[in-house]
There are 2 protein chains.
Amino acid sequence: MSAKTPQPPRPTDAELEILTVLWARGPATVREVHEIIAQRKPAQYTTVLKMLQIMAEKGLVRRDEKERAHIYQASRPREWTQRQLAGDLLQRAFNGSAKSLLVGALAARKASKEELAELRKLLEEYEKGTQ
Amino acid sequence: MSAKTPQPPRPTDAELEILTVLWARGPATVREVHEIIAQRKPAQYTTVLKMLQIMAEKGLVRRDEKERAHIYQASRPREWTQRQLAGDLLQRAFNGSAKSLLVGALAARKASKEELAELRKLLEEYEKGTQ
DNA sequence: CATAATCTACGAAGACTTTACTACGAAGAG
DNA sequence: CTCTTCGTAGTAAAGTCTTCGTAGATTATG
């Protein structure tokens, strides 16, 4: 009965940038998204509009057309998409090894003591949850 | 003095697939790469050839033309590229948070008890190394 | 009301990705 | 030596990604 949204595809670079804005801001108009994007890089209003239209077609965002200025929101929560991306890279580049992925991440960006503590705690929690 | 190879770009999906073969096999001819790729999916010989030519232009692989059948090898070790990819995703999708990345990876593919132990061990080693 | 501002839709250019066909030279087999 | 096999190079088609210009409708403003 419930017509589930089909699995949206892996977002591209530009799409991910826009999703990031939507996750941070919540539902937003093209104008709002554009204002934030434009702070970081030159981009025309219609470019953002077009991206959002395409993303709506792909199912990456949903849009509410009740108002004249349509309101867009990410169709999946940040965590869901992050899981997809992590799983995808894990399989494509790390042969499924979470350890290798973590090695890569730590090598790419040195972690602080606090972050390491967080990571350890995360593993603890996770073990509790699965056993 | 040393004319360093410029930083090669992030490999695409198809490129990563070929790099994976080269990392596993070491230097190889087009034919050897093709034989392995063709086991997993239908692909013409010249397709693999073309990919390798393009990858050589981009600096992702180096080629030795001394023999008639050129020999290709990854220009960067697997770990180096993994670090790039992990760092790239970390920044693009996880706002630099290694913790979030690990959460995503663990959610995407449940880790076994053994793997969790490995991860913990990795963090220990890493802390020793940095303090 | 007339004009300006705001919005969506459409179209399309240019770059990149992936795939495969064709051409042609070099090496190997009978 | 002739014919087949193996190899590279070049060309290009089809698809995707990213960007932006133009058009036309709707709303706000003087």
Side-chain angles (χ1 to χ4, degrees), chain A residues 6-22 27-73 81 85 88-89 92-93, chain B residues 6-22 27-73 81 85 88-89 92-93:
Chain A
Q7 182 103 336
R10 166 158 59 108
T12 64
D13 287 3
E15 286 165 353
L16 187 53
E17 219 176 321
I18 287 181
L19 284 175
T20 299
V21 172
L22 291 176
T29 62
V30 176
R31 181 145 308 273
E32 288 163 342
V33 174
H34 173 249
E35 267 164 17
I36 296 173
I37 295 285
Q39 285 171 12
R40 282 179 294 200
K41 63 170 190 185
Q44 291 304 106
Y45 175 90
T46 56
T47 300
V48 175
L49 169 64
K50 184 66 167 178
M51 285 304 301
L52 282 165
Q53 288 172 342
I54 291 171
M55 290 168 76
E57 274 175 27
K58 291 184 180 178
L60 287 167
V61 300
R62 264 196 300 266
R63 85 172 155 187
D64 177 352
E65 310 183 357
K66 279 198 288 288
E67 301 295 321
R68 180 157 95 103
H70 298 173
I71 295 180
Y72 291 86
Q73 65 178 310
T81 301
L85 291 170
D88 176 68
L89 189 65
R92 284 205 345 271
Chain B
Q7 182 103 334
R10 167 157 60 107
T12 65
D13 287 4
E15 286 166 354
L16 187 54
E17 219 177 320
I18 287 180
L19 284 176
T20 299
V21 172
L22 291 177
T29 62
V30 176
R31 181 145 307 274
E32 287 162 342
V33 174
H34 173 249
E35 267 163 16
I36 296 173
I37 295 284
Q39 285 170 11
R40 282 180 293 198
K41 64 171 190 184
Q44 292 303 108
Y45 176 88
T46 56
T47 300
V48 175
L49 168 65
K50 186 60 171 178
M51 285 304 300
L52 282 165
Q53 287 171 343
I54 291 171
M55 290 168 76
E57 274 175 28
K58 292 185 181 178
L60 287 167
V61 300
R62 264 195 302 265
R63 86 170 154 188
D64 177 352
E65 311 184 354
K66 280 199 287 290
E67 301 296 321
R68 181 159 93 102
H70 299 172
I71 295 181
Y72 291 86
Q73 65 179 308
T81 301
L85 290 170
D88 175 68
L89 189 65
R92 286 208 339 276

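If you're wondering where the values come from, they're calculated on a predicted model, not measured in any experiment. In what follows, every chain begins at residue 1, and chains take the letters A, B, ... in the order their sequences are listed.
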Hey, which sits more toward the 5' end of DNA chain C by its nearest nucleotide, B:E15 or A:E65?
-> A:E65

Whole Å only: how far is the CD1 atom of B:I71 from the C1' atom of D:dG7?
-> 13 Å

Under 4.0 Å between a side-chain N or O of A:K41 and OP1 or OP2 of D:dT19?
-> yes

Ordered by number, residues from residues 46-61 of chain A within less than 4.0 Å of DNA chain D (heavy atoms) are A:T46, A:T47, A:K50, A:M51, A:I54, A:K58

Nearest heavy atoms of A:R92 and B:L16, plus distance in Å | O-CD2, 3.6 Å

Considering just the side-chain nitrogens and oxygens of B:T12, establish if one lies under 4.0 Å of OP1 or OP2 belonging to C:dC16.
-> no

Work out which heavy atom in B:A93 is nearest to a heavy atom in A:L85; give both atom names and the distance.
-> CB-CD1, 3.7 Å

Atom CD1 in A:I18, atom CG in A:D13: separation rounded to 0.5 Å?
-> 12.0 Å

Residue-level proximity of residues 28-38 of chain A to DNA chain D when a heavy atom falls under 4.0 Å | none

Tell me: CG of A:L16 to C1' of D:dC17, nearest whole Å?
-> 14 Å

With respect to the phosphate group of D:dC17, does any side-chain polar atom (N or O) of A:R10 fall under 4.0 Å of OP1 or OP2?
-> no

So, for A:L60 and A:P9, which heavy atoms are closest and what is the spacing to 0.1 Å?
-> CD2-O, 3.4 Å

Closest non-hydrogen contact found for B:V21 with B:R40 is CG2-NH2, 3.6 Å

A:E67 CD to C:dT8 P: how many Å, rounded?
-> 12 Å

Whole angstrom value for the distance that separates P of D:dT22 from CD of A:Q44 | 11 Å

Go through the N and O atoms of the side chain of B:R68 and the base of D:dT8, and report whether any donor-acceptor pair is under 3.5 Å.
-> no

From C:dT17, C:dC7, C:dA20, pick the nucleotide closest to the side chain of A:Y45?
-> C:dC7

Exercise: identify the closest heavy-atom pair between A:Q73 and A:L22 | C-CD1, 4.1 Å

Rounded distance [0.5 Å steps], CZ in A:R63 versus CD in A:E57 = 8.5 Å

Knowing that exactly one of A:H34, A:E32, A:R31 qualifies, which makes a side chain to side chain contact (heavy atoms under 4.5 Å, CB included) with A:V48?
-> A:H34

Write down the atom of A:R10, the atom of A:E15, and the distance for their closest heavy-atom approach.
-> O-OE1, 4.3 Å

